[in-house]
There are 2 protein chains.
Amino acid sequence: MDHVTAFRRFNRYFTRRIGVLDDHYLGQDRPLGEARLLFEIGDGASLRELRSRLGLDAGYLSRMAKALQAQGLARLSAHPRDNRLRMIELTPAGRLEVTEQDRRAGAAAAGLLEGLGEAQRAELTRAMATAQRLLRLAGITVTLVDGAAPDARACLDAYAADIDARFPEGFDKDDLVRPREVSGDAGAFFVAYEEHRPVGCGALRRLEPGVGEIRHVWVHPDARRLGLARRLLDALEQEASARHFTVVRLDTHAALTEAQAMYRACGYTDIPAYDDNVYASHWFEKRLDG
Amino acid sequence: MDHVTAFRRFNRYFTRRIGVLDDHYLGQDRPLGEARLLFEIGDGASLRELRSRLGLDAGYLSRMAKALQAQGLARLSAHPRDNRLRMIELTPAGRLEVTEQDRRAGAAAAGLLEGLGEAQRAELTRAMATAQRLLRLAGITVTLVDGAAPDARACLDAYAADIDARFPEGFDKDDLVRPREVSGDAGAFFVAYEEHRPVGCGALRRLEPGVGEIRHVWVHPDARRLGLARRLLDALEQEASARHFTVVRLDTHAALTEAQAMYRACGYTDIPAYDDNVYASHWFEKRLDG
DNA sequence: ATAGTTCTTTGACTTTAGTCAAAGGTCCGA
DNA sequence: TCGGACCTTTGACTAAAGTCAAAGAACTAT
């Protein structure tokens, strides 16, 4: 049986068997739309945000929000800085309702797991975690963007903040690549997106003829341990090949031991220092044949 | 993180991410109810069957069936032997529509898996198979029923047909336990149900004071490899303990090698023949302490 | 300051989904 | 062969979900 068939079979089984359950317990005595909205408000959100998250019509959402307010479950207010936007947040009663929903759904889930022994439950949890990890990874797309694009800069800022906290000596944002170093002929910049949010990046720049350098491979904390860094690395290497680089190099900081392990696992070998990067303690390179 | 939380997290992620996809692609330009019905008709079914499978109101279903017929997608006819029932089957146009739905959903699934490498796809398939197996097992309930109940007899009939095909010498239905041997003080009979369908059984009867015999442990072919036989065995042993039996015995046929392996794995030890069952080649017993 | 854009609200719908009860034909067991 | 049980159809509803367009307030860039 091929993977697509297996995937669809699971999909069908799961939505029929479990998905239904969740919806059923979520709704109870309230229209499902309202219940979902209530749940999605969480710690407050703008109507605009909810509209795009839930994919609802503006008019429809407006009315539902009003209905929740009329029931004393939510409160609408103006956005502090943009008066076009409306913020919605839960009242204590609304919060209570959400936790009650949660309790019911939890009880239903517990009832469902009751038929399994402890070892089997652990096995199920493990299998689900694996499936979820791979599904998330499958949903992430790695795309080439301009080095000056807002998403690229946002990733680099996050990257800089991240390593600034991890390097004992800190990290100076001026040491990031310049947009022009990773645009056009000079290099390339990739951003990984999960549901339209940037969750990782990686840069490639020309070091000398035939030699590229990979820099700033970074993955958002929420998206770690999925195997995304490898995918970024793959994309960067493919780009390097397309540019007829025969070698890619990179350096890493002593503090980033996982990164070093990953580079070695991906076929990179230790080489002597090829630059005087003050943050670097290890230098690697990899021959590309493709 | 406990199993219930992990379970619900996966549930939420999966329904949001994947479940939606299926419904969306399934429906396309047709109401979801009709699309589901169309799909569920398959190679023809009675309205009654569809009603219980989909849990729909009789009137609602009747109207939807008529709508499908009006669109030229299905054909209604009388049941050949029971004129109260109506049969519904797909027309060629309906069949085309279903395969088209199927193609689209398959393409969507394939697109989703595109981001993964072959090894990762295999890992995902494996994880999903594990999860599905355990979820199915969790959904099966093992209940005590009267030995003369129709479900009990249906299981025994299926069991008899099953082993009749597997034993070289065949199997005579008269050698099954009698209802009264497994009812009341004399013994017990368990049936395993999956979504209200009997999918397995097991009998316990008193052999002599303090000693019980387990017989006819059977699992429906569709429900094998889930770990259900062990659950039936557990239920039978618990029942035996409750009846203050200190020992349970059982015999098996030479052809049933998997069964023998399972009994050994569950703590049964080989003993000399305790009866002259013509079908038996191995005899086992297990001490119960509880 | 002005034109264009963004966001929400409101009114006026339509479609889908689902329920309930009455009625009529059919089957089955006594 | 008669009464009760079964199955489907039909009429008459309701509630939920969703769509579309107009209008008004507020922001943004030029």
Side-chain angles (χ1 to χ4, degrees), chain A residues 15-16 19-20 23-41 44-71 73-89 101 150, chain B residues 15 19-20 22-41 44-71 73-89 101 150:
Chain A
T15 45
R16 289 268 181 286
V20 167
D23 275 0
H24 183 261
Y25 280 85
L26 197 66
Q28 211 71 357
D29 52 354
R30 186 179 305 293
L32 221 125
E34 281 183 18
R36 253 204 275 273
L37 178 57
L38 205 58
F39 183 85
E40 208 69 34
I41 291 172
S46 64
L47 290 188
R48 167 165 162 263
E49 196 184 332
L50 291 171
R51 195 153 50 85
S52 77
R53 268 226 295 275
L54 295 170
L56 296 173
D57 174 78
Y60 186 26
L61 176 60
S62 173
R63 256 180 279 259
M64 275 209 293
K66 229 171 47 177
L68 288 181
Q69 191 171 35
Q71 290 169 72
L73 301 172
R75 200 172 24 241
L76 284 159
S77 58
H79 188 279
R81 301 166 55 197
D82 185 341
N83 262 311
R84 288 171 306 180
L85 272 68
R86 302 269 275 161
M87 301 300 293
I88 186 166
E89 54 181 352
Q101 277 176 14
Chain B
T15 45
V20 167
D22 213 40
D23 276 358
H24 184 262
Y25 279 84
L26 199 66
Q28 210 71 356
D29 52 355
R30 186 178 305 290
L32 223 122
E34 281 184 18
R36 255 204 275 273
L37 178 56
L38 205 59
F39 183 84
E40 208 70 33
I41 292 171
S46 65
L47 290 188
R48 166 163 162 265
E49 196 183 332
L50 292 171
R51 196 153 51 85
S52 78
R53 269 228 291 278
L54 294 169
L56 296 173
D57 174 78
Y60 186 25
L61 176 61
S62 172
R63 256 180 278 261
M64 274 209 294
K66 230 172 44 175
L68 288 181
Q69 189 171 35
Q71 290 169 70
L73 300 172
R75 200 173 22 244
L76 285 160
S77 58
H79 189 280
R81 302 166 53 197
D82 185 340
N83 262 312
R84 289 171 303 181
L85 271 67
R86 302 269 274 161
M87 301 299 293
I88 185 166
E89 55 180 353
Q101 277 176 14

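Below, chain A is the first sequence line, B the second, and so on; all start at residue 1.
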Novice: To the nearest 0.5 angstrom, please state how far the CZ atom of B/Arg48 sits from the CE atom of B/Met87.
Specialist: 11.0 Å
Novice: Does the side chain of A/Met64 come within less than 4.5 Å of A/Leu56's, by heavy atoms?
Specialist: yes
Novice: Quick one: are B/Leu61 and B/Leu54 in side-chain contact, heavy atoms under 4.5 Å?
Specialist: no
Novice: Compute the bend angle of the helix from C/dA1-D/dT30 to C/dA30-D/dT1 from the end axes (five pairs per end), rounded to 10°.
Specialist: 30°
Novice: Please find the earliest and latest nucleotides of DNA chain C, in the 5' to 3' direction, that have an atom within less than 4.0 Å of any heavy atom of chain B.
Specialist: C/dT16 to C/dC27
Novice: For the side chain of B/Gln69 and the backbone of B/Ala65, is there at least one donor-acceptor N/O pair under 3.5 Å apart?
Specialist: no
Novice: Rounded to the nearest 0.5 Å, how far does CG of A/Leu37 lie from CG of A/Leu32?
Specialist: 11.5 Å
Novice: Under a 4.0 Å heavy-atom cut-off, which of residues 51-70 of chain A touch DNA chain C?
Specialist: A/Arg51, A/Ala58, A/Gly59, A/Ser62, A/Arg63, A/Lys66
Novice: Taking only residues at least two apart or on different chains, which pairs with a member in residues 51-64 of chain A satisfy salt bridge (charged side-chain N to carboxylate O under 4.0 Å, His left out)?
Specialist: A/Glu40-A/Arg53, A/Glu49-A/Arg53
Novice: Mind checking whether B/Gln101 and B/Leu38 have side chains closer than 4.5 Å, heavy atoms only?
Specialist: yes
Novice: Mind listing the residues from residues 79-88 of chain B sitting with a heavy atom below 4.0 Å of DNA chain D? Number order is fine.
Specialist: B/Arg84, B/Leu85, B/Arg86
Novice: Sequence neighbours left out, what passes side chain to side chain contact (heavy atoms under 4.5 Å, CB included) with A/Asp82? Give chain and number order.
Specialist: A/His79, A/Arg84, A/Leu85
Novice: At their closest point, which heavy atom of A/Glu34 faces which heavy atom of A/Ala67, and how far apart are they?
Specialist: OE2-CB, 3.8 Å
Novice: Rounded to the nearest 0.5 Å, what's the gap from CZ on A/Arg86 to OG on A/Ser46? Could you check?
Specialist: 12.0 Å
